J.: 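Right, I'll just put the structure down here and ask away after.
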4 protein chains.
Amino acid sequence: MRIKDTAPAAAPRRGRPRSPEVRERILAATEELLSEGGFQAVTVEAVAARAGVAKTSLYRWWPNRAAVALDCVSARMTPIADEAGMGGFRERFRRQLKATIRLLNSPQGQAILALIGAKQTDPALAQSYSEQIARPRRAQTRMLLQQATRAGEIAAGTDPDVFLDAIYGPLYYRKVVSGEPVTDEFIDRIVDAAFIAFGAKPGAE
Amino acid sequence: MRIKDTAPAAAPRRGRPRSPEVRERILAATEELLSEGGFQAVTVEAVAARAGVAKTSLYRWWPNRAAVALDCVSARMTPIADEAGMGGFRERFRRQLKATIRLLNSPQGQAILALIGAKQTDPALAQSYSEQIARPRRAQTRMLLQQATRAGEIAAGTDPDVFLDAIYGPLYYRKVVSGEPVTDEFIDRIVDAAFIAFGAKPGAE
Amino acid sequence: MRIKDTAPAAAPRRGRPRSPEVRERILAATEELLSEGGFQAVTVEAVAARAGVAKTSLYRWWPNRAAVALDCVSARMTPIADEAGMGGFRERFRRQLKATIRLLNSPQGQAILALIGAKQTDPALAQSYSEQIARPRRAQTRMLLQQATRAGEIAAGTDPDVFLDAIYGPLYYRKVVSGEPVTDEFIDRIVDAAFIAFGAKPGAE
Amino acid sequence: MRIKDTAPAAAPRRGRPRSPEVRERILAATEELLSEGGFQAVTVEAVAARAGVAKTSLYRWWPNRAAVALDCVSARMTPIADEAGMGGFRERFRRQLKATIRLLNSPQGQAILALIGAKQTDPALAQSYSEQIARPRRAQTRMLLQQATRAGEIAAGTDPDVFLDAIYGPLYYRKVVSGEPVTDEFIDRIVDAAFIAFGAKPGAE
DNA sequence: CGGTAACCGAGACGGTACGTCCCGTCTTAGT
DNA sequence: ACTAAGACGGGACGTACCGTCTCGGTTACCG
């Protein structure tokens, strides 16, 4: 996605430069449509009409509507608040998971879920999602885990991906796959289980 | 979905009865298309053409292509092999998860993933998925958990949904959300973690 | 049309006889639909539904919707009022033409016009129209012409079809072809012209 | 119909201009279908397929198949040959009527009759027919009448519409309504009658 | 008086065409 | 070179009716 942003090399870049206002209008229109009718309301024609922009201008910079929506979400997505310093890491992980749930329940989250849905049948979108959404978020959460490990609350040799999947997995599973509600109590239990399984043994050195 | 199958009560069933052959041809065609081109090859027109059936016959019984694909998958989905009697429950859960991964990697699984994708923006489909796919499978895996609990390998008070989400969640999360590969080693670690967290304490009675 | 009414010969007619109530309900429903939405509202399905009758019962007795509408009109069409005895024949012809215009402007007439329209591309309907509508009406008007001839108001050798087409033709032409309005004054002039052209010469014997 | 052809004013005409070739291909395909299977062969899908054109290109410029057929006929219809200078006006009117009959008997005429039929139940088509076919033809024939009037063969005060309806009406009536054949002799008699009724009186000044 | 033939309701079925939505490409002209 | 505008070929949608075909149930006639 957004392949054309990174020009092939140091081409001299002649002609009129890209209008930043156009990009802004497109992303704003996309955001509106996303929150009004979900991803399936984000058609190229609707975005172009709403943004007062030609379809050409969309296709010039994005390969398809999914890329636009993804760009919109990733450009505007709230970064994960760290909310550091309060309580132990178990509590901080709980807060992070609960913040994630709140995000997924918001209109934004609706868009994210729609993108997750769409990428199941769109490999290019899947890769973009991975690069622009999944990995950056994982990098952020991984930092909290490193702190917890350094603080001796998580066992030293723990594979960070296994740990993080163990706590985020059940949450997304309910939200995306099974459709069962995700309660705070459920999150507590999942985090507790992770701390039992991966927590540093008290006597261990 | 398939609302019309279960008549409200003992309606006298007048008129020409539904042809089972038509239903069969439709599901067969759907299955073929599903394995050839994934869910996005399952268009109503393609299914009708392949099945030698009128489009109206499809719309008479299913509201849209997703419902057809779902019916196809749920009617033909390999039930979870129990493979009982071999080894401890930890090993049996591992085998179940690995079978799930194999299923999700198959053309069938491609269809299931596509349905999971589509249901993110289609509440009716979401409900059907829940009823026809998610709950039946959960019921099956829950039985294995009960056996494990009775056998004293899982702690008595464990909430079955929490336990099952704790092992299936990470798997689906990788497959559906993050897109990271799911290795056998990953499954082993996740199951191990669950048995640490929810396993019966040796000395406990 | 209504081919099946006249059984091939004196077939013994076994089995349940045709229900007259069904025919009545069908024609009544057709009449309603005709006056509500014109001929194009008279679909087989709509008639059947409105009449509380199976489509089969329609197709058993009529080959298509046009035949039903035609049957409806011809069975219910107001016969041409003779209004005899008042005034000369010129006046009587004027009254007949004006009555015809009133008929064509009524919902019934809408149906007749629709049938005239439909028969342009349906030879079978054209023939039925000719037999069930056109010729009977022509026979009626011809009688008035005969009286006028006998009374010495129309020249003796006049071809009745030429005379009648000369007065009905302009009327229908405006209504069916050109779409121009048909005023009473127009009718007066046309009838006058016909009486000039075909009227008996005063001195002639 | 064809509303969009005549832009409201001097709109700057942005965007890709309408391809005249597409219009041509559509009308040609329509003409073929019209002469092969009559108006009912002119389906939007058939026209599009035959013309090698997308259905959307049809719907972009015409509201329905009737409008296309009408456009086809009006764009290609043989103008009424004047055949001036030969014989008196009575003879010239006869020739015009006979040419009209020949036209109505041709495949073109079949199309015109089909349109006359269709417009009985389609007000928009009726208006278009009136504007694009009826009035232009009437304007042409009216000119001949004017000449005849100036030449002193038709009485001075004659209402042109009454006269023209008096000669064209019976012709169309037979063709469209009653279905009786239109012979040359019939035409002769009708024209004669009109000249008796509306002809200039020899001694009149 | 019991068969049975034709009626009637209901509605499934294969099919044609409809008119619409949106896609992604393209051709203009204007800036 | 970028933009707005929009025509174009195309694919699929979901709907409306068509005319045919089972079904089960219901009469009237005829043997």
Side-chain angles (χ1 to χ4, degrees), chain A residues 11-19 21-22 40 42-49 51-61 63-65, chain B residues 4 11-19 21-23 40 42-48 51-61 63-65, chain C residues 11-19 21-22 25 40 42-49 51-61 63-65, chain D residues 4 11-19 21-23 40 42-49 51-61 63-65:
Chain A
R13 294 296 280 118
R14 299 225 301 150
R16 193 188 198 181
R18 177 175 186 182
S19 151
E21 196 210 328
V22 166
Q40 61 193 4
V42 182
T43 67
V44 171
E45 309 226 320
V47 171
V53 144
K55 280 201 293 174
T56 329
S57 295
L58 274 159
Y59 282 112
R60 216 189 316 279
W61 304 109
N64 52 49
R65 72 204 187 100
Chain B
K4 299 150 193 165
R13 278 311 277 121
R14 302 243 263 149
R16 190 187 200 178
R18 179 174 184 182
S19 153
E21 196 209 328
V22 165
R23 174 170 213 272
Q40 60 193 5
V42 182
T43 67
V44 173
E45 307 225 317
V47 171
V53 144
K55 269 204 297 176
T56 38
S57 294
L58 272 159
Y59 283 112
R60 218 188 313 279
W61 302 107
N64 52 49
R65 72 203 188 100
Chain C
R13 289 302 276 119
R14 299 230 300 152
R16 192 189 198 180
R18 178 176 184 181
S19 152
E21 195 211 327
V22 166
R25 284 220 306 267
Q40 60 193 3
V42 182
T43 67
V44 172
E45 309 227 318
V47 171
V53 144
K55 278 201 294 172
T56 328
S57 295
L58 273 159
Y59 283 112
R60 216 189 315 277
W61 305 108
N64 52 49
R65 72 203 188 103
Chain D
K4 299 152 193 164
R13 277 312 277 120
R14 302 243 265 151
R16 190 187 198 178
R18 179 174 183 183
S19 153
E21 196 208 328
V22 166
R23 174 170 212 271
Q40 61 194 4
V42 182
T43 67
V44 173
E45 307 224 316
V47 171
V53 144
K55 269 204 296 176
T56 38
S57 293
L58 274 160
Y59 282 112
R60 217 187 314 280
W61 302 108
N64 51 51
R65 72 206 188 99

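Keep in mind it's a predicted model, so treat the numbers as computed, not measured. In what follows, chains are A, B, ... by sequence order, proteins preceding strands, each numbered from 1.
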J.: Drop me the distance from C/Glu45's CD to C/Arg65's CZ, to the nearest 0.5 angstrom.
T.: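 Between atom CD of C/Glu45 and atom CZ of C/Arg65 there are 12.0 Å.
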J.: Rounded to whole Å, please give me the gap between CG in D/Leu58 and P in F/dA7.
T.: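 From D/Leu58 CG to F/dA7 P: 14 Å.
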J.: On DNA chain E, does the nearest nucleotide to B/Pro17 precede the nearest nucleotide to C/Ser19 from the 5' side, or the other way round? Give the residue.
T.: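 Looking at DNA chain E, the more 5' nearest nucleotide goes with C/Ser19.
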J.: Nearest-Å distance, CG (A/Asn64) to C1' (E/dC22)?
T.: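 Whole-Å distance recorded here is 13 Å.
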J.: Quick check on DNA chain F: between D/Gly52 and C/Val42, whose nearest nucleotide comes earlier from the 5' end?
T.: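 Residue closer to the 5' terminus by nearest nucleotide: D/Gly52.
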J.: Between B/Trp61 and E/dA12, does any side-chain N or O lie under 4.0 Å from OP1 or OP2?
T.: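 Result: no.
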J.: To the nearest Å, how far apart are D/Tyr59 OH and F/dG10 C1'?
T.: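 D/Tyr59 atom OH is separated from F/dG10 atom C1' by 15 Å.
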J.: OP1, OP2 of F/dG25 versus side-chain N and O of B/Arg14: anything below 4.0 Å?
T.: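 False: B/Arg14 side-chain N/O out of range (4.0 Å or more) of F/dG25 OP1/OP2.
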J.: Roughly how many Å is it from CD in A/Glu21 to C1' in E/dT31, rounded to a whole number?
T.: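 About 14 Å, once rounded to whole Å.
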J.: Kindly point out which of E/dC8, F/dC13, F/dC17 is positioned nearest to the side chain of C/Thr43?
T.: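 Closest nucleotide among those given: F/dC17.
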J.: Please report the shortest heavy-atom distance between C/Ala48 and C/Ala54, naming the atom on each side.
T.: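 C/Ala48 and C/Ala54 have their closest heavy atoms at CB-C, 4.3 Å.
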J.: Can you find an N or O donor on one side and an acceptor on the other, under 3.5 Å apart, linking the side chain of A/Thr56 with the base of F/dA5?
T.: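 Indeed, a donor on one side and an acceptor on the other fall under 3.5 Å apart.
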J.: Starting from the 5' end of DNA chain F, give me the residue, A/Val22 or B/Val44, whose nearest nucleotide shows up first.
T.: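 It is A/Val22 whose nearest nucleotide is closer to the 5' end.
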J.: Compare every heavy atom of B/Ser57 with every heavy atom of B/Val53, then report the nearest pair and how far apart it is.
T.: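 Heavy atoms of B/Val53 and B/Ser57 come nearest at CG1-CB, 3.7 Å.
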J.: Strictly below 4.0 Å: does B/Arg16 bring a side-chain N or O up to OP1 or OP2 of E/dC13?
T.: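 It does not, given that no N or O in the side chain of B/Arg16 lies less than 4.0 Å from OP1 or OP2 of E/dC13.
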J.: With rounding to the nearest 0.5 Å, note down the distance linking CG in B/Asn64 to CG in B/Leu58.
T.: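 The CG atom of B/Asn64 sits 10.5 Å away from the CG atom of B/Leu58.
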J.: So if I take every side-chain heavy atom of A/Lys55 and compare against E/dA17, E/dC13, E/dC23, which nucleotide ends up nearest?
T.: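 The answer is E/dC23, which lies nearest to the side chain.
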J.: Can you tell me how far P of E/dA10 sits from CD of C/Glu45, to the nearest Å?
T.: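 Between P of E/dA10 and CD of C/Glu45: 13 Å.
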J.: Taking the six-membered ring of B/Trp61, is NZ or CZ of B/Arg23 closer than 6.0 Å to its centre and within 45° of its axis?
T.: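 Checked: cation-pi criterion not met.
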J.: Tell me: CZ of B/Arg65 to C1' of F/dC13, nearest whole Å?
T.: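 Going from B/Arg65 (CZ) to F/dC13 (C1'), I get 10 Å.
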J.: Just how far, in rounded Å, is P of E/dC18 from CD of D/Gln40?
T.: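 Rounded to the whole Å, the gap is 12 Å.
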J.: Rounded to the nearest angstrom, tell me the gap between atom CZ in D/Arg60 and atom C1' in E/dC26.
T.: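 For the pair D/Arg60 CZ and E/dC26 C1', the rounded distance is 12 Å.
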